[in-house]
Amino acid sequence: MQRTSWWRSNRIWLALILPLLALALAASSFRLSTLYLRWEWSAPVILNGSGVFTQSFQDAKSTQHTRTTKVGVTAVARTTTLASDRPAPGTALWRIELDFAAAPDQLLAGCTIELEDAHGVRYGTQGAKVDASGRPNPLPRKPTCVPRDAPGPELDWAGELVSPSVQRPGVWKSEAAVAMPEGRRPVAVRIMWDKPGYLKLLIPS
Amino acid sequence: MIPDVAENTPRRASPDAPAQDDPSAATRGLKSRLRMLRDGYGLVSDILTPQRIGLVLAAIVLVASGSFGGLDEVNTKADAIPVAKAGQIITVKPFTISVTKLIHFKELGSIAPTKAGTTYYMAVMKVTNTSDAVVSAISLAPALKLAAPNVAPRANPLLYRAQDSIPARGYQPGVPVLTAVIWAAETSTPAPTEATLTLSNLTWYQYFSSNAAAWRVDVPAYTLTLPIEEKKAA
Amino acid sequence: MRFTRNGVITSLLVIAALFVGTVIADLLPSEESVLNAPYEHHASIGQPVELRTATITVLGLRSASRITALGNTATTEGIWALVDFTWKPSAQPVSPNQDAVHIKTVDGRKFGGSPPVTNACLPTQTGVTFACSFAFEMDPTALAGAKVVFPAAGSRTGADDVAVIDLGIDSATAQRLAASTEKVLLPPPTVKEP
């Protein structure tokens, strides 16, 4: 009886070993939590100084919405006080001025503004602020990305659209202050509305 | 001569060859034992027919199971809930509770604001958590039920720390808290003179699919019937 | 069924092997328990612990019979154990989860969660050290040997990185703390000068 060697009779499967091994590793590598991080701030749009930011998001009723706005950072500079907030000892107050241009029907209310330094460390607007007598201010006024008197359309907690009584202007300015520890310099401004996408504006030097 | 097949290769017997003989003593012994049993049964088979043997076995099974309670009457009526008295320390898992009194009033400051058509019932009780970790007041509220003629409490009661008049949020292990349990109900006429409070055990329920677990209301542990004190607004 | 000597010995050996294998498998920790166990940093009072999200140092423990925070007052039939600590976030302005921080005692009980009066340690700022105090309503008999557990983030049961700090309470200190009749006002988070 002519006997073909084992190698020859199994040559097809031997050739497929490496591709199948690669597929098995890929299938079991659970990349869901590294690629699909929709519950984290994981998808920045990085612009140099200013640009257009577009984001689609879902509200509490799972309806899809889109927001588009042009944002530019006009100034980031140290200051001593802003709206009666002073920096706590050991920190310095940085004032941020932003220019916005958007259609009046865009949902832009309810954002968070932060500063980022060269190491990617984030600094918020609420902490380390004291009043004129040095007492900690536990509830500083949160900055808004929309004019306070004409915020435009908003979504309430149930996902219902609240139409504005006053139409928002097409262009406006916003300002915010961050008390950063002494010795740290900001390199970017983060503007965050809905996870996972956010806007990172590099501060022009 | 070199064999062309390995020594221990199983060989199929050829059709004309005699079958492999296994002359083990055990096989012969088993055959004769079986024959012995068969012969023995043949002697008594006129009295102990297979049907009678079956009946005897069934009787043995019934008697054996009956001795362990298998033939007792099935308890179709639900066990009555034990009744407690005011001031008695009762175990309502995972707490020990002692109910002091039951009060009816129309308003009590900001805790129970005056509303048209609404009246309030308050049970005062001392609650001590006997488990290992905090149990929230939200878990305890659905286990406390108030029943009285013409009274329909609107929802689960709200629990307050009676000493401080602030909402009771959690019960820490081993710390007794004097609690005011307040139900809002429709105003009813005539106002009842006594009401029945039912306190149910809580059980720690582990959800099957997720790692979440929570306290769930289990069977009622005690009922109390207390007279309702009328409290006039100060 | 044929009972041969070799057959009987083989079946007994298989049963013994299964028994030994089951005993070993029961003694080894399960994959779940190893993967879900938090990483614990053990320290004592005054030692800074660098957690994943912040650096925490427990400064000490006081006790009170009544506490006031944010305008709300609470008394207790047990004792209020006040843990003073400093908190410095490292990468984002986070705060310790007051519902998840707890005191675990020698008898295995955990005190903390759902406090009637909250004194949350917020708002905070990255890189800035804040002095905060958390109050725990405790059974006075459980104070001796207690440790306070601070999770880096997440809930009490789901934490990944925790600091377990021995409060150094012996029975004499426990008796002194349990007898306190102080009435304490809890301050908001204050920046500690570097």
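All values below come from the heavy atoms of this structure, side chains included, with hydrogens, waters and symmetry mates left out. In the text below, chain A, chain B and the rest are named by the order of the sequence lines, each starting its count at 1.
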Which atoms of [X] approach chain B - backbone, side chain, both or neither, heavy atom under 4.5 Å:
X: C/P115; answer: backbone
X: C/T76; answer: both
X: C/T73; answer: backbone

Give a yes or no on this: more than 12 heavy atoms of other residues, nucleotides or ligands lie within 6.0 Å of atom [atom1] of [X].
X: B/Y41; atom1: OH; answer: yes
X: C/K183; atom1: NZ; answer: yes
X: C/E50; atom1: CD; answer: no
X: B/I53; atom1: CD1; answer: yes
X: B/K106; atom1: NZ; answer: yes
X: C/E182; atom1: CD; answer: no

Check your understanding: Quick one: which residues of residues 159-167 of chain C reach chain B at under 4.5 angstrom, heavy atoms only?
Key ->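 Residues qualifying by a heavy atom under 4.5 Å from chain B are absent, so none.
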
Exercise for review: Starting from the C-alpha separation in whole Å, work towards a yes-or-no answer on side chain to side chain contact (heavy atoms under 4.5 Å, CB included) for B/K126 and C/E77.
Suggested key: CA-CA 11 Å; B/K126 185 158 270 197; C/E77 294 196 33; 3.0 Å; yes

Practice item. Would you please go through residues 152-169 of chain B and name the residues with a non-hydrogen atom below 4.5 Å from one of chain C, in numerical order? Key: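 Residues B/R161, B/Q163, B/D164, B/I166, B/P167, B/R169 are the ones that qualify, each having a heavy atom under 4.5 Å from chain C.
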
Review point. Among B/V175, B/I138, B/N129, which residue forms the greatest number of heavy-atom pairs with chain C at distances under 4.5 Å?
Key: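 The option with the most such pairs is B/V175.
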
Exercise for review: Count the heavy-atom pairs under 4.5 Å between each of C/G78, C/A142, C/P116 and chain B, then report the option with the highest count.
Suggested key: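 The answer is C/P116.
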
Check your understanding: Top residue by heavy-atom pair count (under 4.5 Å) with chain B, among C/I79, C/D139, C/T141?
Key ->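 That would be C/D139.
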
Practice item. Verify, without hydrogens or angle tests, whether B/Q172 (side chain) and C/S114 (backbone) share a donor-acceptor contact under 3.5 angstrom. Key: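 Between the backbone of C/S114 and the side chain of B/Q172 there is no qualifying donor-acceptor contact (under 3.5 Å).
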
